[in-house]
Amino acid sequence: MEIVVCLKPVPDAETRLRPRADGSRLDPEGVKFVLAGYDESAVEQALLLREAIAGSKVHAVSFGPPRWTEEVLRAAIALGCDTATAVESAGEEAGDPIAAAEGLLGAVEGMPHDLVLLGKQAGDDEEGLVPGALAEMLGMPHFGYVVDLHWDGAAQRLRFGRSAEAGQETWESPLPCVIGLQQAWNDPRTAKLPAILKSRRAPIAKVSPPAPSPERAASVPERFALPPPRTGAKMIAYRTPEEAAQQLVRILKEEAKVFP
Amino acid sequence: MPDFSLSPEHESLRDMARKFARTEMVPHAAECDRAARFPEEIYRKAHALGLMNLNVPAEWGGSGLSLFEQCLIVEELAYACGGMTTSIIANCLALEPILLGASPEQLKRYLPSFCAEYHLASFCLTEPGGGSDAGAIRTRARKDGDEYVLDGEKCFITNAPHASLYTVFATLDPQQRHRGISAFVVPRSAKGLTPGKDEEKMGHRASSTSTVRFEGVRVPAADRLGEEGEGFSLAMRTLDMTRTPIGALATGIAQAALDHAARYALKRETFGKPIAEHQAIQIKLANMAQAVHAARLLTWYAAWTIDGGQKGTLESSIAKCFASDAALHVADEAIQTFGGYGYMKEYPVEKLLRDAKLTQIYEGANEIQRTVIARELLRGYS
């Protein structure tokens, strides 16, 4: 099975984020972009399928500026992906889901693909539009919120669950299809040290994105702001539990005005 | 131009070690310290990820890292827990005499099977009557046909109760001092080899330390490393290679102490403002930061010197000695910054002081490091 796994570079949760000077969007300067969240589960799923089906290959694809995609693709190779392809774009386009889907489309169509896996949404903006848009462009069925994915070799069908509000649905699908995976249900593996070293020297194929379709207006964010700083916690000094409770009630009543 | 920037390769190694340290080690560090628990599950994970046999070339099943790369990893691990780090890197120390002194046949016989699975090895040099004075070891090796018979006792041996392989230094003739010493590779299964009970230690309590007794242990001549009498030189060349990562380990402890102190100083208020705004604390933090920076740079410099093919005895001794002194000092000042809370076991900084203390003692006490530094230094003047 030829499995393509599409990965979005997202800011490292440990980096300090700040808006650009014009306030329009995140300032990528000094930000480290990483493979994270839902996409880690997608890579893990791809590798599990490869291990289960002899002769399979996993191809990692990422859309964005080279500095962003390189780290993500090297991480994917260190985890075990067979090939890596970067679709180069400007930082502005990387946040536009339709531009991303179009960019990924060109790369996916240029390689063998029985199954396309993605995180069901990106770990940063969590829009969740790329899997559906890419499936539409590829003319394939799309399933989101997927967990417990297995290949039934006898029936030549994928079998999987979809986590729904009230429980879990069970589905099956022939190939090809596009699948958006739920986060962390499959306990993504950690890359081993020798594999990390080797991944630094692995080749990354480069693909240019197609020109944007003229009938589509690109989405342009207007303003990016960080959440307001949290106000500090208040410590209560007390000698007995009764005293702590009395003080808490007083504060809730008089200061927070939670009840009269 | 000298370059202090890390390559993307270095950064990814460091990030991987950092992630392992923060997700696997930190959550258990306090508990393992309190209970003196040897967290084998963490060491197994470290092995599975390639964090254990860092100095063994990839062709023999290790990670094949340069000394500089080892130092980047060791600092990150030690930031989380000095004791666990000591146990994780003890294989590097125990296997180094094999890397330096084994024949191609021996390398093939010992390393691939050892590295492929989770195994621990112990470096057996120190004895009850001789630590720094390694030439005075009393463990005897008697030649008997095609075998040697080992008798004696080693002490303060890291991981000894859990090890499956021991590199042992023993003397064929105590009269000959250094020239009488030979090195042997002994499996745990050897009859007459008995690790003692776990020592109760001040720090590094997630690590395991015990004596190892040798009573008529028969070792085939094929398991001697190098020639007869080459053992002492092998031990010293080993320590030349493993001293620098101890500088990195101490730097990791010192960095952790500085981070705890700085964060606390910004939060804790006295006289109506955070203590970080008092000059007394600012001066403390500034001095701590200098010590951490200097420790790291000396460690990197020693690693760079040795990776470049030089012996680096002077550089590695300076790095180990300075960084371990710095770690103790910075941990001490971190406790002082925390005040009474720092003295409480509920807070993380007193552990750092106890862990830092060992780095001044093991792998060559700092008194010996200073002796070595002076000797190497004065050589340049005579």
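No experiment lies behind these values; they were computed from the predicted model shown. So you know, we letter chains A, B, ... as the sequences are listed, proteins then strands, and number each from 1. Just the heavy atoms: all of them, side chains too, but no hydrogens, waters or symmetry mates, feed the values below.
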Tell me whether the count of non-hydrogen atoms from other residues, nucleotides or ligands lying under 6.0 Å of [atom1] in [X] goes above 12.
X        : atom1 : value
B:Trp304 : CH2   : no
A:Glu14  : CD    : no
A:Gln168 : CD    : yes
B:Tyr118 : OH    : yes
A:Glu29  : CD    : no
A:Lys253 : NZ    : no
B:His293 : NE2   : no
B:Gln336 : CD    : no

Residue part contacting chain A, namely of B:Ala17, when any heavy atom lies under 4.5 Å: neither
What part of B:Lys267 lies closer than 4.5 angstrom to a heavy atom of chain A: side chain, backbone, both or neither? neither
From [X] atom [atom1] to [Y] atom [atom2], the distance as rounded to the nearest 0.5 Å:
X        : Y        : atom1 : atom2 : value
A:Leu193 : B:Leu65  : CG    : CG    : 5.0 Å
A:Arg200 : B:Ser12  : CZ    : OG    : 4.5 Å
B:Leu51  : A:Thr190 : CG    : OG1   : 10.0 Å
A:Leu197 : B:Leu13  : CG    : CG    : 4.5 Å

Proximity breakdown for A:Ala75 and chain B, heavy-atom pairs closer than 4.5 Å: neither
Is A:Arg201 in contact with chain B via its backbone, its side chain, both, or neither, using a 4.5 Å heavy-atom distance? side chain
Pair count under 4.5 Å, heavy atoms only, with chain A: among B:Ala58, B:Ala48, B:Ser7, B:Gly62, highest is B:Ala48
Taking all atoms of both residues into account, what is the closest heavy-atom pair of B:Lys19 and A:Glu40, and its distance? NZ-OE2, 3.9 Å
Give me the atom names and distance for the closest heavy-atom approach of B:Leu49 to A:Pro194. O-CD, 4.3 Å
Contact leader toward chain B among A:Glu70, A:Glu71, A:Lys32, where contacts are heavy-atom pairs under 4.5 Å: A:Lys32
